[in-house]
There are 2 protein chains.
Amino acid sequence: MGETYGIADLAKEFGVTTRTVRFYEDKGLIAPAREGQRRIYSPRDRVRLRLIMRGKRLGLTLDEIAELMDLYDVDPSEVTQLKQFIDVIRDRKTVLEGQKKDIEETLAEMTRLERQCTQLLSQKQTKK
Amino acid sequence: MGETYGIADLAKEFGVTTRTVRFYEDKGLIAPAREGQRRIYSPRDRVRLRLIMRGKRLGLTLDEIAELMDLYDVDPSEVTQLKQFIDVIRDRKTVLEGQKKDIEETLAEMTRLERQCTQLLSQKQTKK
DNA sequence: GAGAAGGTTTACGTTTACGTAAAGTAGGCT
DNA sequence: AGCCTACTTTACGTAAACGTAAACCTTCTC
């Protein structure tokens, strides 16, 4: 048997409340085992939680995160499904690449602003 | 006098409803001129709308977008303000860099998945 | 001058992602 | 036994970001 975790452990680790973790279960994003009525989380559940958090940092909705995680679980039996699957992945990639571009643009602007400010600041301080 | 736009023009250009554009005004994100009771948008308003949309693609809330846009409007009079300003910019940059990393990780996984799938697919099709 | 097209305010409705409170259970300590 | 602590379900509340409907101006066109 591998490592297991209680709900409070994971909540603390990821900086959310236990309510949040249960909510994700309600939404079908994780499905921990039970011991009596208590939830027991496996390392796999923990990985899924990590993926959820990353998705959230990317601004995805929980539904979108669910879709994304389904991608990892698809079984490659049917050719048709495989093709559809590849399309979905490509769409995702396109979105992500757009986001990456947005971030790089914004980062560039931030850097420019920062430079302007530090320059202004040093000017003011040499005048004194 | 420069170019001006009606609310429907901008809504259409950015793929949102007029309700949305007015909502952003309510939130203080844009402040178009008026001609009588009608809203008249300047190129500057349009730029702000573009920034709003980019912020949304990055998963920011409207409040966060407002903060970000305030950065562009700050006047560099007080040294104290300048220093605070630089801190804010650096925080933003840290967040953005984290997001960029998340995206790159996810992109890498998507690419890996895509490769697996195309490979599987070609295997299946040669067997036929 | 009647209506159609496009704009306006006001205001209630909706979805998402939880917060928060209530009330019960189950095991451990002393 | 009695209490504490951690967990559970149930359920109502809430903030954000609009959707949607109602009722009212203008202005243009025919």
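No hydrogens, no waters, no symmetry mates; every other heavy atom, side chains included, goes into these values.
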Listed nucleotide nearest any side-chain atom of [X], set [options]:
X       : options                : value
A/Thr20 : C/dC18, D/dA17, D/dT8  : C/dC18
B/Leu62 : C/dC18, D/dA17, D/dT9  : D/dA17
B/Gln37 : D/dC25, C/dT16, D/dC18 : D/dC25

**Prompt:** Is A/Arg46 salt-bridged to A/Glu13, going by a charged N under 4.0 Å from an acidic O?
**Reply:**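 Between A/Glu13 and A/Arg46 there is a salt bridge, with a charged N closer than 4.0 Å to a carboxylate O.
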**Asked** So, are B/Glu25 and B/Arg34 salt-bridged, with charged N and O less than 4.0 Å apart?
**Response**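 B/Arg34 and B/Glu25: salt-bridged.
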**Message:** Less than 4.0 angstrom between a side-chain N/O of B/Tyr24 and OP1 or OP2 of D/dA17, yes or no?
**Reply:**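 Indeed not, no polar side-chain atom of B/Tyr24 lies that close.
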**Asked** Does B/Lys56 place a side-chain N or O at less than 4.0 Å from the phosphate oxygens OP1/OP2 of D/dC18?
**Response**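 True: B/Lys56 side-chain N/O within range (under 4.0 Å) of D/dC18 OP1/OP2.
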**Prompt:** If each of B/Thr17 and A/Gly6 is mapped to the nucleotide of DNA chain D with the nearest heavy atom, which maps nearer the 5' terminus, i.e. the 5' end?
**Reply:**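 It is A/Gly6, whose closest nucleotide lies nearer the 5' terminus.
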**Item:** Residue met sooner reading DNA chain D from 5', once A/Ile40 and B/Thr61 are mapped to nucleotides
**Value:**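 With A/Ile40 and B/Thr61 compared, the 5'-side residue is A/Ile40.
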In whole Å, I'd like the distance from the [atom1] atom of [X] to the [atom2] atom of [N].
X       : N      : atom1 : atom2 : value
A/Glu67 : C/dT16 : CD    : P     : 13 Å
A/Asp63 : C/dA17 : CG    : P     : 6 Å
A/Lys27 : C/dT16 : NZ    : C1'   : 7 Å
A/Leu60 : C/dA17 : CG    : C1'   : 14 Å
A/Asp9  : D/dA6  : CG    : C1'   : 11 Å
A/Arg34 : D/dT8  : CZ    : P     : 6 Å
B/Arg22 : D/dG19 : CZ    : C1'   : 13 Å
A/Glu25 : D/dT9  : CD    : C1'   : 12 Å

Has [X] got a side-chain atom pairing as donor or acceptor with [Y]'s backbone, closer than 3.5 angstrom?
X       : Y       : answer
B/Asp91 : B/Val88 : no
B/Arg48 : B/Leu29 : yes
A/Gln99 : B/Arg57 : yes

**Asked** Relative to the 5' end of DNA chain C, which residue comes earlier, A/Arg19 or B/Ile7, by the nucleotide with the nearest heavy atom?
**Response**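 It is B/Ile7 whose nearest nucleotide is closer to the 5' end.
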**Request:** Report yes or no: is there a donor-acceptor pair, N or O only, under 3.5 Å between the side chain of A/Arg39 and the base of D/dT8?
**Result:**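 Donor-acceptor pair under 3.5 Å: no.
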